[in-house]
Colleague: 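Quick one: the structure is below, questions incoming.
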Amino acid sequence: MALADNSIPAQTDSPEARGYNRTRRWLEVADFAGGFAFLVILLVTGWSGTLRDLALKLAGQNYAFSVFLYLVLLIAIGKALGIGLDYYGFRLERRFKLSTQRFRSWLWDEVKGFLVGLVMATIVVELLYFTIRQWPQHWWLLAWALFMGLFVVLAQIAPVVLFPIFYKFEPLDNEDLRRRLVVLSERAGTRVRGVYRWKLSEKTKKANAALTGLGRTRRIILADTLLDNYAPEEIEAVLAHELGHHFHRHILKSIFVQAAITLCGFWAANWTLHYAVDQHMFVQLADFANLPLLVLVSTVLSFVLMPAMNAYSRFNERQADRYAFESIVSVEPFISSMNKLAEQNLAERVPSKWVEWFFHSHPAISRRVAAARAWGREHNPSPQ
Ligand SMILES: [Zn+2]
């Protein structure tokens, strides 16, 4: 079998793929810069204090309720300012013929996203200011522990509670694929509890697959846009990659990494709040008008750490890829699935170095394909 014969386009991307990805990146940067400016303006102008006073008045001076009202105001204003960019993102997907979603369906997703975000933010922020009020000395340690607890619960319930708000899922009914999965799972020494068909086609033409959940909710989800258009061997290669994540315990490891970073974040937040109080920006730590400052600390931290987090993610992806190479008979279906994915998702096969370094959670497709070819040459030399 020839290994490098086929008509796979070489090391270039179409102008279309380049244009699409460049605009998406600018959108991401604009979104970040806009959010950053919004928080700074709230603090510098004292408008955050105005919002706090309004919330306290509306809540009849009840602290917990006024925290909630303040949060509603903040998120609503933020959304109103950011909706233009969101809409532009939706138009971009339509312009490149990637989206299959109608405007109304998109708008409904926006509403649901807003409400889900509000519920989660309310839980986090109420807990935050509760701990600050009760334990002003060590609030950040306690808040960190609570926050991580929430994070684990969220990771566990996400596949059964959160994702179904936006997408439909159903157990995979395909005997051939099931059989392949059983063989792969036995090799991995595991029993993955479920494989689900993820109805992505209602929203997009793009394909995707993922390992999600913790414990009893651990599952592999495969987009219908992938299941319906890929050969069984190609789907098997994707499944093997996802099982690689499971085998190497990537979700658990990521939670530990997250825990360490969040601890630093809470320490930095505490330091910043104390500094702000010393500078008479706020009368006390529990003044919730300082929330934009807390968000700013976490924003800056995640921005600074983005290259490191993405490098860690790419490391995990390479590990899962290697696991897949070892599990499947030939690397060819893996290579063809990668090329199909790149085509279908309008991905850049060869992004510039710094773009990959800063933005990409997955290695560039050209690298993944090259790694597969190298593996194939080493382990299944072509009998030519
Ligand atoms: Zn992966």
Side-chain angles (χ1 to χ4, degrees), residues 21 155 158-159 163 167 169 172 177 180-181 184-185 187-190 192-198 200 204 206-214 217-227 229-230 233-258 306-328 331-351 355-376:
N21 284 287
F163 302 163
Y167 297 100
F169 294 90
L172 186 68
L177 282 178
R180 287 171 193 267
L181 178 73
L184 285 172
S185 304
R187 187 189 173 275
T190 173
V192 167
R193 289 174 179 73
V195 179
Y196 287 78
R197 183 184 176 85
W198 172 17
L200 208 53
T204 178
K206 291 179 178 177
N208 212 338
L211 176 75
T212 62
L214 275 180
T217 64
R218 174 56 55 85
R219 61 191 59 191
I220 292 174
I221 56 177
L222 293 169
D224 55 352
T225 44
L226 187 139
L227 287 167
N229 301 309
Y230 290 56
E233 291 76 17
E234 291 169 338
I235 300 170
E236 185 178 29
V238 173
L239 273 173
H241 169 93
E242 299 306 334
L243 271 173
H245 285 305
H246 178 80
F247 179 81
H248 288 293
R249 300 175 172 277
H250 285 158
I251 293 186
L252 190 68
K253 286 178 188 166
S254 300
I255 290 177
F256 280 118
V257 170
Q258 199 64 49
M306 204 153 111
M309 292 305 285
N310 278 334
Y312 174 62
S313 169
R314 290 195 301 269
F315 171 80
N316 285 347
E317 294 302 332
R318 282 196 296 272
Q319 221 173 25
D321 277 356
R322 273 198 302 278
Y323 185 87
F325 306 156
E326 290 166 13
S327 308
I328 52 184
V331 293
E332 289 304 320
F334 177 89
I335 294 171
S336 60
S337 71
M338 280 294 126
N339 284 314
K340 270 193 184 178
L341 273 171
E343 196 95 353
Q344 191 174 356
N345 294 357
L346 212 52
E348 282 173 305
R349 287 188 173 84
V350 272
V355 162
E356 188 181 1
W357 176 76
F358 196 84
F359 289 97
H360 284 208
S361 60
H362 287 60
I365 293 214
S366 61
R367 287 183 209 280
R368 298 177 78 179
V369 167
R373 286 206 191 289
W375 173 277

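Residue indices begin at 1 and follow the sequence shown. Order of appearance sets the numbers: ligands from 1, and atoms from 1 within every ligand.
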Colleague: Treating R314 as the side-chain partner and E356 as the backbone partner, does any N or O pair qualify as donor plus acceptor under 3.5 Å?
Modeller: yes

Colleague: Mark yes or no for whether S313, through its side chain, and M309, through its backbone, hold a donor-acceptor pair below 3.5 Å.
Modeller: no

Colleague: If you look at E317, which of its N/O/S atoms is nearest to the Zn ion (ligand 1)?
Modeller: OE1

Colleague: Please walk me through it: do I251 and R218 pass side chain to side chain contact (heavy atoms under 4.5 Å, CB included)?
Modeller: CA-CA 10 Å; I251 293 186; R218 174 56 55 85; 3.6 Å; yes

Colleague: Is there an N/O/S atom in H245 that lies less than 2.8 Å from the Zn ion (ligand 1)?
Modeller: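 Yes, within the cut-off.
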
Colleague: May I ask you to check whether E242 brings an N, O or S atom to under 2.8 Å from the Zn ion (ligand 1)?
Modeller: no

Colleague: Do the side chain of K340 and the main chain of N229 share a donor and acceptor less than 3.5 angstrom apart?
Modeller: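 It does hold such a pair.
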
